[in-house]
Asks: 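What follows is a single structure, and I will ask about it in a moment.
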Amino acid sequence: MARAKLDEVTKIFTEDDGSEVVAVDDVTLDIDDGEFLVLVGPSGCGKSTTLRMVAGLETITDGEIRLDGTVINDVPAKDRDIAMVFQSYALYPHMSVRGNMSFGLEESTNLGDDEIAKRVEESAGMMGIGDLLDRKPSDLSGGQQQRVALGRAIVRDPAVFLMDEPLSNLDAKLRAQMRTELQRLQNELDVTTIYVTHDQTEAMTMGDRIAILDDGELQQVGTPLECYHRPKNLFVAGFIGDPPMNFLQVTNEDGTLIDHSFEYPLPPQVASAVEGTDSLVLGVRPEDIELEPDQSRADDHTISATIDVVEPMGDENVVYLRLADGATVARPDLAEQDAAEGTDVNDAAVEGSDDAKGGIAGESRSTIIATIGGMQHFDDGQDISIRIPPDAIHVFDADSTEALHNRTLQDADAVPGI
Amino acid sequence: MTTAPPQETDSTSSDGIRALPLRTAGYYLLLLGLVVFYLLPMETGFMTSIKTAVGVRESLPFLLPGTDLSFQIPFVEFDVDTMLEQTTDEKWRDAYDTLSRGMVNSMLFTIPSTILCAIFGSMAAYGLTLVKWRGQVFVLALFIAGIFIPYQAVIIPLTELYGFIDLQYRLGAIWALPFLSEERHPTILELIITHTAYGIPICTVLFRAQYQTMSWEMIEAARLDGAGLWRIYRRIVLPLSIPMFSVVFIFQFTQIWNEFLFSVTLIRSSVDEAASVTLILGQLGQAIEGTDFPLRMAGAFVAAAPTIVVYILFTDKFAEGVRV
């Protein structure tokens with residue numbers, strides 16, 4: 001068990017043609033003893049590179065990584081007392097499960113054979129793979145291989161666990177199951193863990209804290225709910241939450257948000273927070289939008305819209321709405337950023353998957369998404385009003401993308417971690 | 001029916017031959033033709049090798065001793081007594097007696113060279129593929145260039161080199177040890193070194209092809225598990241390359257065993273103490289009175305036997321290795 005600290009860590013890759021790519025830019029993170037930190041971000045954001053630097057699999061261009069106060073920049077991977085679970089599991093195919101699990105102990109400790117055997121059986125029991133010990137990895141299912149990979153890390157009893165998208169090769173059901181199991185296990189073992197994923201659901205549900213990375217830069221570190229309710233900028237707001245937050249491009253005229261199809265007066269304290277910034281983005285989460293079928297009850301905070309598609313989920317309906325006159329929901333700032341990203345995605349290959357939930361920019365933004373109770377019924381093509389409650393709005397500076405105002409939480413104290 | 005896949009004939013085998021589609025029959029006919037085509041030279045060689053001098057003169061090469069073609073049905077003249085009269089195992093005995101000395105010599109340099117090539121090739125490939133360091137590409141280029149150096153280009157430098165080094169003189173004390181002789185073993189050692197050096201590049205490339213398909217994450221996992229460079233090779237990479245070792249063993253063994261040019265260059269004469277099997281085989285059955293074909297044929301079989309044994313020994317793993 002240990003406290004891990006990343007201090008202004010930077011990683012620059014030099015390409016074959018001599019050009020330099022900044023994969024990780026000045027990242028500072030402090031991970032407490034026993035904490036479960038999730039590094040999350042889209043493909044190519046540098047999260048895997050960060051993890052690999054902690055592991056010692058990549059050199060550190062600049063900055064320091066400390067483990068319990070000791071700088072480990074120049075400590076080789078084999079001496080770092082760190083165990084890692086890989087996306088591909090990376091089991092040794094020629095060894096039995098027992099061989100896979102005892103390998104690390106044989107290589108990194110002086111323990112006797114009996115002690116190693118005892119520890120392996122203990123950990124295998126904990127992972128529920130006690131009866132698979134004499135099988136080869138090729139005889140195991142994906143889920144079982146995943147357990148062996150975890151068991152191989154656990155048996156080492158390392159200072160830090162690193163996990164690089166360990167669940168992404170499992171099917172959806174097994175993934176949800178392993179998610180809870182991993183949390184239970186981490187609680188039980190109380191080992192400092194850094195977990196990399198591109199899946200915001202995993203980040204939200206598993207982490208004590210999550211760190212959101214984009215384009216090599218740390219966007220925000222905080223508890224899941226903090227990041228959800230108090231995003232620091234447009235990127236975090238759009239990345240965390242599924243379906244994602246809705247954004248409307250607006251201009252600020254003396255405390256009123258203006259778009260060519262609507263005007264939205266801001267409450268006084270929000271108006272003062274955004275004073276002096278003309279170009280703004282109004283953000284609202286799908287679950288905060290209220291649908292008002294009776295258009296005669298429209299007020300200052302309603303916008304007329306047409307229902308495009310309703311996706312019934314059972315417990316809730318996801319409603320896709322088109323705003324009247326096709327109001328501007330575009331986000332040119334992020335679209336630009338996305339286009340630029342395309343050229344310098346350097347560790348996308350390492351991270352493997354590109355179905356990041358954060359793909360908010362670059363696509364058509366003329367649709368607003370609202371989630372409503374499963375018992376409310378609407379028809380496709382119906383004209384209605386949508387109400388955006390003033391206490392649920394987020395306002396961002398369209399140029400700097402910083403959050404100027406986050407929603408008010410009446411019961412902030414009742415929500416732990418905010 | 002003619003387009004039906006061959007498997008279907010199995011399920012309808014109750015119909016017997018009538019169910020055999022024309023196409024399948026065609027395949028079998030073609031296969032039979034190929035079998036004959038490939039085996040006929042072997043068969044001819046074997047038939048010749050068991051014939052007496054008279055037998056060679058009086059029967060067609062590919063027929064049994066004492067057999068001749070005729071123009072009357074059944075077109076073959078065959079007589080058991082004549083056959084026995086014209087059959088002999090003498091040539092095989094002769095060939096074995098003459099070649100056994102060379103076989104031992106060839107074994108003495110082929111086996112160590114094969115093993116050394118495989119081990120060094122595997123280690124070099126590991127260092128060039130699964131370990132990252134600067135200047136790797138340049139070193140790899142040297143290895144690849146090594147494959148393309150023609151034998152003819154090195155024979156003169158080779159004799160010069162060993163003339164200069166003079167293993168017989170420099171390692172003098174070693175040759176005085178029991179079971180070693182000054183006339184024989186220095187040349188054997190020269191051959192071991194030469195064949196090993198010449199075989200390493202191609203072995204490296206073969207192993208490298210396999211190591212490139214190995215999972216990086218697995219190697220990294222081993223590093224994080226606390227294993228160093230050597231331990232990763234010993235415990236992960238080496239066990240996983242056993243099939244490739246079989247491929248390399250078969251390939252290099254055959255290559256070195258059959259090699260002739262280095263033998264001629266370094267051993268020079270078939271009467272030398274260290275003469276290899278290929279060198280002696282070249283002279284076998286050649287005399288002023290004429291060529292003893294049965295002896296040459298028997299000699300060829302005897303000389304080829306070890307390569308066949310090696311194939312049989314490593315077949316299973318070989319099949320696994322070429323699939324990689």
Side-chain angles (χ1 to χ4, degrees), chain A residues 14 16 48 51-52 54-59 75-96 99-111 136-138 145 148-150 152-153 155-156 158-166 169 349-350 352, chain B residues 118 122-123 125-141 207 209-248 314 316-321 323-324:
Chain A
T14 311
D16 289 339
S48 279
L51 194 75
R52 290 169 58 79
V54 177
L57 299 172
E58 297 284 356
T59 55
V75 178
K78 72 187 188 77
D79 301 325
R80 285 197 186 186
D81 193 20
I82 280 174
M84 182 155 164
V85 180
F86 292 86
Q87 184 178 358
S88 67
Y89 314 142
L91 299 175
Y92 313 127
H94 58 299
M95 296 183 191
S96 63
N100 267 281
M101 290 178 69
S102 43
F103 184 82
L105 289 176
E106 286 161 8
E107 293 298 329
S108 62
T109 66
N110 295 322
L111 294 176
K136 289 274 179 68
S138 53
Q145 291 186 22
V148 175
L150 281 169
R152 186 170 70 176
V155 76
R156 295 259 319 276
V160 179
F161 274 143
L162 304 179
M163 305 199 183
D164 192 1
E165 311 226 12
N169 285 350
V350 179
Chain B
S122 152
M123 294 202 313
Y126 169 65
L128 287 170
T129 315
L130 300 174
V131 184
K132 292 268 169 265
W133 42 280
R134 257 170 214 282
Q136 207 163 25
V137 179
F138 175 71
V139 177
L140 178 67
F207 277 110
Q210 192 207 345
Y211 294 169
Q212 275 176 321
T213 66
M214 255 186 206
S215 141
W216 249 112
E217 290 197 340
M218 179 185 67
I219 304 292
E220 288 177 338
R223 275 168 74 188
L224 286 167
D225 264 345
L229 271 186
W230 172 248
R231 300 286 296 168
I232 293 175
Y233 177 71
R234 246 308 273 112
R235 297 200 57 190
I236 309 282
V237 177
L238 192 61
L240 286 175
S241 38
I242 288 171
M244 191 48 86
F245 266 96
S246 297
V247 174
V248 167
F314 292 104
D316 283 4
K317 291 286 174 189
F318 178 83
E320 222 175 286
R323 232 181 291 132
V324 167

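Below, read A as the first sequence line, B as the second, and so on, with proteins coming before strands; counting in each chain starts at 1.
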Asks: Relative to chain B, which segment of A:R80 carries a heavy atom at a distance below 4.5 Å: side chain, backbone, both, or neither?
Replies: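 The answer is neither part of A:R80.
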Asks: Would you please test A:Y89 and A:N100 for side chain to side chain donor-acceptor pair (under 3.5 Å) and show each step?
Replies: CA-CA 11 Å; A:Y89 314 142; A:N100 267 281; over 6 Å; no
Asks: I'd like to know which of B:K132, B:R235, B:M218, B:R231 tops the heavy-atom pair count under 4.5 Å against chain A.
Replies: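 Of the options given, most contacts go to B:R235.
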Asks: Between A:A83 and chain B, which part of the residue has a heavy atom less than 4.5 Å away: side chain, backbone, both or neither?
Replies: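 The answer is neither part of A:A83.
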Asks: Checking A:Q87 side chain against A:N169 main chain: does a donor-acceptor pair fall under 3.5 Å?
Replies: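 Checking the backbone N and O of A:N169 against the side chain of A:Q87, no donor-acceptor pair under 3.5 Å is found.
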Asks: Between A:R152, A:M84, A:E107, which residue shows the highest count of heavy-atom pairs closer than 4.5 Å to chain B?
Replies: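 Option with the top pair count is A:E107.
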Asks: What residue, out of A:P76, A:G99, A:P93, A:A149, has the most heavy-atom pairs lying under 4.5 Å from chain B?
Replies: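 If we count pairs closer than 4.5 Å to chain B, A:P93 comes out on top.
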Asks: For a quick test of reading the model, state the closest non-hydrogen atom pair linking A:F86 to B:L224 and the distance between them.
Replies: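 What the structure gives for the nearest pair is CZ-CD1, 4.0 Å.
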Asks: Spell out, as yes or no, whether a donor-acceptor pair under 3.5 Å connects the side chain of A:Q145 to the backbone of A:S88.
Replies: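 Between the backbone of A:S88 and the side chain of A:Q145 there is no qualifying donor-acceptor contact (under 3.5 Å).
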Asks: Between B:S246 and B:F314, what is the shortest heavy-atom contact and its length?
Replies: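 Residues B:S246 and B:F314, closest heavy atoms: OG-CD2, 3.7 Å.
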Asks: So for A:L105, is it side chain, backbone, both, or neither that comes closer than 4.5 Å to the heavy atoms of chain B?
Replies: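 Neither part; nothing is under 4.5 Å.
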